[in-house]
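Here the structure is a predicted model, which means the values were calculated and not measured.
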Amino acid sequence: MVVAVLTAVCGSVLTTLLASGAGAPPLGTLLATILGAAIPPLIATAGPFHALRLSVAVLAAAIGLAIAYSGFSITYGFSGDKPKNLPLPGEAKQSSGSSGKTGGSVLTETDARPGIEVTPDSVELTCAGRGRGCLKTVILKSTGGAPLRIGNIASESEGVLVAADECAHKEFVRGTSCTLAVWLVADGPPTRVVIHQNLPGKPSYVQVARPPGGPSSSGPSPVDGPTVSPSDPTEG
């Protein structure tokens, strides 16, 4: 029995290293590990008492596989390296990640959740209108494993307008994007463009800076008329 277990462990380790060295994916390497543990003990089942030999071989293969798999798990656990040979427990979950930012940054998870990248996440409007240098564009990109659904897009101030027909109320698969335009119609304090989407939590935002105030927000100044002195009732 001890010999059968040792051959199962050796076979399992050997096939694991060979499969990993050949560039096999983790699941393929795991299959090689199982076969390496099973084949050596099963070879010894030939001869009398076949049923008993087969039972012992299966038990030895299971023990050898457990020892080899545990050995790789413990080795990676102590070394802190990322597993290269086997799909160890919890490894699939380690690849997912997220960022709490919403712009010029990524709010995403690489599993089956949607994600959005807003670039840039802030703009500065220095002149009114949609002319060259005045209008700013923002790109919204789907980065998650599930489709990104964008809802209403609006400015929090009437002094900033947004053209978002390409993005609003549409769905985007991973890697696709759309563009919205932002421009100034009236000066005032900083404001935001709000982008509603199907990610958990708050909407995404684009911070908008603009001139603090001036003629563009108040219109033309009134023209003062001539000063008329009241007539002297004694005249005439």
Side-chain angles (χ1 to χ4, degrees), residues 25-27 82-83 87-221:
L27 290 179
K82 182 179 178 181
L88 302 181
E91 170 62 13
K93 297 180 181 180
Q94 296 176 5
S95 61
S96 63
S98 64
S99 171
K101 293 184 176 181
T102 58
S105 55
V106 181
L107 181 60
T108 181
E109 294 208 10
T110 55
D111 53 7
R113 298 184 183 183
I116 185 172
E117 178 179 341
V118 183
T119 308
D121 60 358
S122 64
V123 296
E124 181 178 4
L125 305 178
T126 57
C127 53
R130 305 180 66 173
R132 184 175 181 180
C134 297
L135 182 142
K136 304 295 183 181
T137 58
V138 177
I139 298 175
L140 309 181
K141 183 178 180 180
S142 174
T143 59
L148 169 67
R149 291 191 295 274
I150 298 177
N152 190 43
I153 300 176
S155 170
E156 292 183 336
S157 169
E158 295 181 354
V160 173
L161 297 184
V162 182
D165 293 344
E166 185 180 327
C167 302
H169 307 292
K170 294 183 180 179
E171 183 174 288
F172 300 88
V173 298
R174 184 173 185 173
T176 58
S177 61
C178 64
T179 302
L180 58 89
V182 184
W183 68 95
L184 178 70
V185 294
D187 298 345
T191 186
R192 300 183 301 183
V193 173
V194 184
I195 304 165
H196 294 277
Q197 25 71 3
N198 61 329
L199 274 72
K202 297 180 180 180
S204 300
Y205 299 99
V206 177
Q207 304 292 332
V208 180
R210 52 179 173 162
S216 60
S217 59
S218 59
S221 301

NE2-CD1 distance between His196 and Ile153, expressed to the nearest 0.5 angstrom: 9.5 Å

Euclidean distance, Leu140 CG relative to Thr179 OG1, rounded to 0.5 Å: 7.5 Å

Any pair counted as disulfide (SG to SG under 2.5 Å), so long as it reaches residues 129-161, sequence neighbours left out: Cys127-Cys134

Pairwise disulfide (SG to SG under 2.5 Å) hits with a residue in residues 137-189, at least two apart: Cys167-Cys178

Compare all side-chain heavy atoms of [X] with those of [Y] and state whether any distance is below 4.5 angstrom.
X	Y	value
Lys141	Thr119	no
Val160	Trp183	no
Asn152	His169	yes
Leu199	Ile116	yes
Val123	Val193	no

Which atom of [X] lies closest to which atom of [Y], heavy atoms considered:
X	Y	value
Ser204	Gln197	OG-NE2, 3.0 Å
Leu184	Gly159	CD1-O, 3.6 Å
Ala112	Ala146	O-CB, 3.1 Å
Tyr205	Val118	O-CG1, 4.4 Å
Arg149	Asn198	N-OD1, 2.9 Å
Glu166	Lys170	O-CD, 3.4 Å

Exam field: side chain Arg210 to backbone Ala186, donor-acceptor pair closer than 3.5 Å: yes

Partners meeting side-chain hydrogen bond (donor to acceptor under 3.5 Å, both in side chains) with Glu156 (sequence neighbours left out): Arg192

